[in-house]
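Encoded as structure tokens, the structure appears first; notes follow it.
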Protein chains: 2
Amino acid sequence: MRIGELAQMGQCTEQTVRYYEKKGLLPAAARTEANYRIYDSAHVERLRFIRNCRALDMTHEEIRGLLDLMEQPASDCGGVNGLLDEHIAHVDARITELAALKRQLAGLRERCQSNQAVNECGILEGLASMETEPRRAPQSHLG
Amino acid sequence: MRIGELAQMGQCTEQTVRYYEKKGLLPAAARTEANYRIYDSAHVERLRFIRNCRALDMTHEEIRGLLDLMEQPASDCGGVNGLLDEHIAHVDARITELAALKRQLAGLRERCQSNQAVNECGILEGLASMETEPRRAPQSHLG
DNA sequence: TTCACACCTTGAAGCTACTATAGGGTCAAG
DNA sequence: CTTGACCCTATAGTAGCTTCAAGGTGTGAA
Ligand SMILES: [Zn+2]
Ligand SMILES: [Zn+2]
Ligand SMILES: [Zn+2]
Ligand SMILES: [Zn+2]
């Protein structure tokens, strides 16, 4: 199978497949005489695994961690479980952050109910007078 | 005031201030003979406004929108209100996405309660057998 | 005077996970 | 023999910075 078909199986573009190869998530493919990449079902499985992890918003590093752990099929899966737990914590942390943000934004929105002149808009006043806090390190890779 | 002090007022680094200037969020500063940037209280206000917007996870484009609207102080503030409403919608959309993600991850996590061999871990099985869905366009600039 | 040291300058590269573009090569069908 | 679908590489762009490299400036102390 060539790259177009593989990409279809993984619900992604051919560029993305090449990108994964470059980044080492997918192994370098064998080539035909015409220098076309050729793949088999193992590649399909691996690509689908990667895409499923991406659908869950894992980073490449997290995915690489899982793929590495899978290389020792007989070893204990505690690392896998731990990695997933950490990622769930990333999602939780971001949800918490966004909930706080939403409260702040709702409070700001209340400061202007009806349209008025820009220089009297309570929202802009609020944005100007907020206390500027130092940007804290992100708790999560989820933007 | 020089760039170091301004950066401190805005709770950011000097590089960030230069970056904002390059991107047009801050106007180009006047210079001393030694080519040092010099700022006054108007710059402090504008930088703090920008940093407060960033603390609310607005994009540079959204911030630029607000700054542009502020240039006509006598005009109607409907644009400001609308811009904030849109951003609140961005936050809401991302919270909804992450909640769905969290449910999916929780379901996956249940598939392996105790440690076992990697090749029998229910989490990895789940990740391998999920239906790979095409990546849908992001509803929100919040990752 | 000369040194150290804090502050400032520019430009380029790195980060994530792709996406898009340019400019070409391969291959089967009509 | 040309068209069109497919493939290749390399480069640049996206957001919002951070980090690095290599230097200029200004002040206080030895
Ligand atoms: Zn994670
Ligand atoms: Zn208003
Ligand atoms: Zn927004
Ligand atoms: Zn397990």
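Quick caveat, the model's predicted, so the values are computed rather than measured. Labels below follow one simple rule: chain letters A, B, ... track the order of the sequence lines, proteins then strands, and each chain is numbered from 1.
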Parallel, tilted or perpendicular: ring planes of B/Tyr20 versus B/His60, cut at 30 and 60 degrees: perpendicular

5' precedence on DNA chain C between B/Lys22 and B/Ile3 (nearest-nucleotide basis): B/Ile3

Touch class at under 4.0 angstrom, heavy-atom based, for A/His141 against every strand present: nothing

d(CD, A/Glu33; P, C/dT26) in whole Å: 11 Å

Sugar-phosphate only, base, or nothing, as touched by B/Thr59 at under 4.0 Å among non-hydrogen atoms: sugar-phosphate

Euclidean distance, atom CD1 of residue A/Ile38 to atom C1' of D/dC6 [Å, nearest integer]: 15 Å

B/Arg94 and B/Glu97 ion-paired at < 4.0 Å: yes

Side-chain N,O (A/Thr16) to OP1/OP2 (C/dT19) below 4.0 Å: yes

Touch class at under 4.0 angstrom, heavy-atom based, for B/Arg64 against every strand present: nothing

Closest nucleotide among C/dT19, C/dC8, C/dC27 to the A/Gln15 side chain: C/dT19

More than 12 heavy atoms of other groups within 6.0 Å of B/Gln113 CD: yes

Whole-Å distance separating the CD atom of A/Gln8 from the P atom of D/dA5: 15 Å

Pair A/Glu62, A/His90: side-chain N/O donor-acceptor within cut-off below 3.5 Å: yes

Touch class at under 4.0 angstrom, heavy-atom based, for A/Thr32 against every strand present: nothing

Sugar-phosphate only, base, or nothing, as touched by A/Arg135 at under 4.0 Å among non-hydrogen atoms: nothing

Heavy-atom donor-acceptor pair, A/Tyr36 side-chain to C/dG25 base, under 3.5 Å: yes

Distance, rounded to the nearest Å, where B/Glu21 contributes CD and D/dG16 contributes P: 18 Å

Separation of atom CD in B/Glu14 from atom P in D/dG16, rounded to whole Å: 21 Å

Given DNA chain D, 5'-ward residue of the pair B/Tyr19 and A/Glu5, judged by closest heavy atom: A/Glu5

Side chain of B/Arg37 (C-beta onward), nearest among D/dC17, C/dC18, C/dT9: C/dT9

Touch class at under 4.0 angstrom, heavy-atom based, for B/Arg18 against every strand present: base

Side-chain donor/acceptor of B/Arg135 to backbone N/O of A/Arg54, under 3.5 Å: yes

Between D/dA5 (P) and A/Arg2 (CZ): distance, integer Å: 14 Å

Euclidean distance, atom CZ of residue A/Arg31 to atom P of C/dG25 [Å, nearest integer]: 17 Å

Whole angstrom value for the distance that separates P of C/dG14 from NE2 of A/His60: 19 Å

